[in-house]
Amino acid sequence: MKTESILVIGANGQIGSVLVEYLRGIYGDNKVIASDLRVNPDRQDYFEVLDATDGTALQQIVKRHKITQIYHLAAILSAKGEQDPLNTWQINMQTYFNVLEVAREHGVKKIFYPSSIAVFGAHVHGSADQFSYLDPSTVYGISKAAGENWSNYYFTRYGMDIRSLRYPGIISYQSMPGGGTTDYAVDIYHKAVKGEHFDCFLKEDATLPMIYMSDALDATVRLMEAPSEKISVRTGYNLAGMSFSPKEIYESIRKVIPAFEISYNPDYRQAIAESWPSEIDDSEARKDWGWRPAYSLDKMTEEMIQELRKKYE
Ligand code: NAD
């Protein structure tokens, strides 16, 4: 077992609830402290209630558990964030400043900051390179681009070891998404397995970059475990799994569930999707720390359906 003491902030969310278990498998149960706004009734061990906008409360937890690494997952996501832009900015930035400052003052050795493909905007057409122009269209994307620049600032100015991935939409059977533009790609599997009709909030050809949870977890820990000298990008690494449209995921599901039906009723999230790239070039991540995704669309579909069938049976 490795001798780290890890704090996961925002641990009850789509990624956190799966990542905590994954990290505990690597570092040991008592070495991974989960925290969120409310206790998770299913997982109360090694859990701290924390509102990360409260810097003093965060500091007390970091001191009490002698935290050496922080995974800062708490955020208001892209679609939900548009409902109250200034509050989204306030929460996303204040929580991150608290993490950066507590880490600086208490010698936390490593920070993981999840960025997003939402940092890209209208000036990136088709595929986004690592160093493509960033002109995000949502307050969420603006906060992630700012967070990336602050990560780089704390690295350059204070030598802090902060690592970051620009996650595409994450697809998981273990947990539900929390208000992003790519949420449909999880919901569609639940509807298919339950034998229900699916009404999609994006157009049939809205191709977006996505990744299966298993690949996202692998990338996250691979990045965090890479030797420091291998990390050449201190803003946020582009990360790609697969790209597909609603029509393509529907067709992939129909190979397993032929009776499944879909309709398309695009809403405000279509405009957000249109402002994002359809492909991500992640060659820097591949070159620097050996990233390779393991899942294709059809392989993911098979596993999602198999796992959700167990859940609904
Ligand atoms: P989520 O919305 O499912 O979970 C976020 C968690 O943060 C929630 O449990 C929420 O209660 C908690 N939280 C909110 N405000 C908090 C606060 N002030 N203090 C403490 N906790 C607070 O999000 P997720 O999908 O698990 O995403 C985790 C991170 O990854 C986010 O930063 C998100 O921007 C990023 N990300 C996610 C995706 C995706 O597809 N899920 C894609 C790109 C980036």
Side-chain angles (χ1 to χ4, degrees), residues 7-22 33-43 47-58 61 70-81 83-84 87-99 102 111-120 128 136 138-148 151 163-172 174-187 208-213 215-217 219-220 236-242 269 272-273 276-277 280:
L7 176 65
V8 180
I9 302 174
N12 290 352
Q14 185 193 8
I15 300 175
S17 55
V18 190
L19 178 67
V20 164
E21 297 308 310
Y22 190 73
I33 310 300
S35 70
D36 206 300
L37 293 171
R38 278 168 286 278
V39 174
N40 179 347
D42 298 332
R43 296 189 195 86
F47 190 97
E48 294 275 2
V49 172
L50 170 68
D51 180 342
T53 58
D54 181 347
T56 309
L58 173 61
I61 291 171
I70 299 178
Y71 284 68
H72 175 52
L73 306 180
I76 308 298
L77 305 197
S78 60
K80 196 169 166 204
Q83 289 158 18
D84 191 348
N87 187 49
T88 299
W89 173 259
Q90 212 278 326
I91 290 174
N92 290 2
M93 297 316 297
Q94 189 59 56
T95 56
Y96 194 35
F97 285 133
N98 287 344
V99 168
V102 165
I111 296 173
F112 177 73
Y113 179 71
S115 186
S116 163
I117 57 160
V119 295
F120 299 111
T138 57
V139 65
Y140 170 73
I142 298 172
S143 73
K144 289 295 182 186
E148 284 191 6
S151 304
R163 304 176 181 201
S164 175
L165 294 172
R166 291 172 178 159
Y167 286 134
I170 296 182
I171 297 166
S172 57
Q174 304 95 325
S175 52
M176 293 304 283
T181 304
T182 52
D183 290 12
Y184 90 87
V186 177
D187 198 22
L208 288 173
M210 305 275 186
I211 191 167
Y212 192 45
M213 179 65 88
D215 276 337
L217 297 175
T220 305
Y237 274 99
N238 275 11
L239 185 75
M242 58 189 93
R269 288 167 282 196
I272 299 178
W276 289 353
I280 300 290

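Indexing begins at 1, ligand by ligand and atom by atom, following the structure's order.
In this structure, a donor-acceptor pair under 3.5 Å is absent between the side chains of Thr53 and Gln94. Under the 3.5 Å distance criterion, with hydrogens and angles disregarded, no donor-acceptor pair is assigned to the side chains of Ser172 and Tyr212. No donor-acceptor contact under 3.5 angstrom links the side chains of Gln174 and Ser17, judged on distance only.
Geometrically, ligand 1 and His72 share no nitrogen or oxygen pair separated by less than 3.5 Å. Below 3.5 Å of separation, one finds no N or O of Thr95 facing any N or O of ligand 1. Taking any N or O of Ile9, backbone or side chain, none lies under 3.5 Å from an N or O belonging to ligand 1.
Considering only non-hydrogen atoms, atom 8 (C) of ligand 1 lies nearest to Asp36 out of Asp36, Asn12, Ile15. Proximity annotation for atom 2 (O) of ligand 1: of Ser175, Gly10, Gly178, Gly178 comes nearest, heavy atoms only.
Among protein heavy atoms, atom 28 (C) of ligand 1 sits closest to Leu73 O, 3.4 Å. Of the protein's heavy atoms, Ala74 CB, 3.5 Å lies nearest to atom 22 (C) of ligand 1. The nearest heavy-atom contact from the protein to atom 23 (O) of ligand 1 is Leu77 CD1, 3.7 Å.
Heavy-atom separations between Ala11 and ligand 1 are all 4.0 Å or longer. Ligand 1 has Lys144 within reach: a non-hydrogen atom of the residue lies less than 4.0 Å from it. Look at Gly180 and you'll find every heavy atom at least 4.0 Å from all atoms of ligand 1. Look at Ser115 and you'll find a heavy atom under 4.0 Å from some atom of ligand 1.
Thr88 places a side-chain N or O within donor-acceptor distance of the main-chain N or O of Gly81, the cut-off being under 3.5 Å. Listed for the Asp36 side chain is no donor-acceptor partner under 3.5 Å among the backbone atoms of Val49.
Every atom of ligand 1 is numbered from 1 in the order shown, and the set under 4.0 Å from a heavy atom of Ser116 is 43 (C), 44 (C). Near Ala75, meaning under 4.0 Å from any of its heavy atoms, are these atoms of ligand 1: 31 (C), 32 (O), 34 (O). Within ligand 1, the atoms closer than 4.0 Å to a non-hydrogen atom of Leu50 are 19 (N), 20 (C), numbered from 1 in the order shown. Within the listing of ligand 1, atoms 1 (P), 3 (O), 4 (O), 9 (O), 26 (O) sit less than 4.0 angstrom from a heavy atom of Gly13. Atom numbering of ligand 1 starts at 1 in the shown order; those under 4.0 Å from a heavy atom of Asp51 are 17 (C), 18 (N), 19 (N). Close contacts between ligand 1 and Ile170 involve ligand atoms 39 (C), 40 (O) [criterion: under 4.0 Å to a heavy atom].
Within the 4.0 Å heavy-atom criterion, the part of Pro168 lying near ligand 1 is the backbone and not the side chain.
Interatomic distance, Tyr167 OH to Ile211 CD1, rounded to the nearest 0.5 Å: 8.5 Å.
Ring centers of Tyr96 and His72: under 6.0 Å apart, within the cut-off.
Counting heavy atoms from C-beta on, the side chains of Met210 and Ile170 never come closer than 4.5 Å.
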